[in-house]
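Start at 1 with the first residue, then count along the sequence.
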Amino acid sequence: MLYHQYRCACCDKILTAEDKECPECGSHNIRSPYGLWVFCISACLVVAVVFQIVQVYFKDHQDTPTQPTLLQVLNQDRNSSSQ
């Protein structure tokens, strides 16, 4: 069974690469066997780029300052008043 087959989009008849129209229905709309592969490769490339951008974003924004807790503020006030 051949996996790389051109097909007529109208009647789904198997065509050769040299055919410009379907001999059965006369349609010029011929589907390429590589359309799905191009879509999959493009989708994987987009996912990889988005993943890399998210990774860089989180790496740059990881060093955010944290607010002190109420207990830390009270302990700091107590230490400064006792001195």
Could you list the residues that satisfy ring pair (Phe, Tyr, Trp, His ring centres under 6.0 Å) with F51, not counting sequence neighbours?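 F51 satisfies ring pair (Phe, Tyr, Trp, His ring centres under 6.0 Å) with no residue once adjacent residues are dropped.
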Whether D19 side chain and T16 backbone form a donor-acceptor pair below 3.5 Å: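 Answer holds: yes.
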Would you mind reporting whether [Y] and [X] have side-chain heavy atoms less than 4.5 Å apart?
X: P23; Y: L15; value: yes
X: C8; Y: C25; value: yes
X: I41; Y: L45; value: no

Hey, could you give me each pair passing salt bridge (Lys or Arg N to Asp or Glu O under 4.0 Å) that has a residue in [range]? Not counting sequence neighbours.
range: residues 33-49; answer: none
range: residues 41-53; answer: none
range: residues 43-54; answer: none

With rounding to the nearest 0.5 angstrom, report the CH2 to OG distance, W37 to S42.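 So the gap between those two atoms works out to 13.0 Å.
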Mind checking the CD1-SG spacing from I30 to C22? Nearest 0.5 Å is all I need.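 Atom-to-atom, I30:CD1 and C22:SG are 7.5 Å apart.
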Under a single-linkage definition using a 4.5 Å side-chain heavy-atom cutoff for Ile, Leu, Val, Met, Phe, Trp and Tyr, are V47 and F39 assigned to the same hydrophobic cluster?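 Different hydrophobic clusters.
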Where at least one partner belongs to residues 47-58, residue pairs that pass side chain to side chain donor-acceptor pair (under 3.5 Å), sequence neighbours excluded: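 Non-adjacent pairs meeting side chain to side chain donor-acceptor pair (under 3.5 Å): zero.
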State which residues pass salt bridge (Lys or Arg N to Asp or Glu O under 4.0 Å) with D12; sequence neighbours excluded, sorted by chain then number.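 Result, salt bridge (Lys or Arg N to Asp or Glu O under 4.0 Å) vs D12: R7, R31.
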Give the minimum heavy-atom separation between H28 and E21, together with the two atoms involved.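 H28 and E21 have their closest heavy atoms at CE1-OE1, 3.1 Å.
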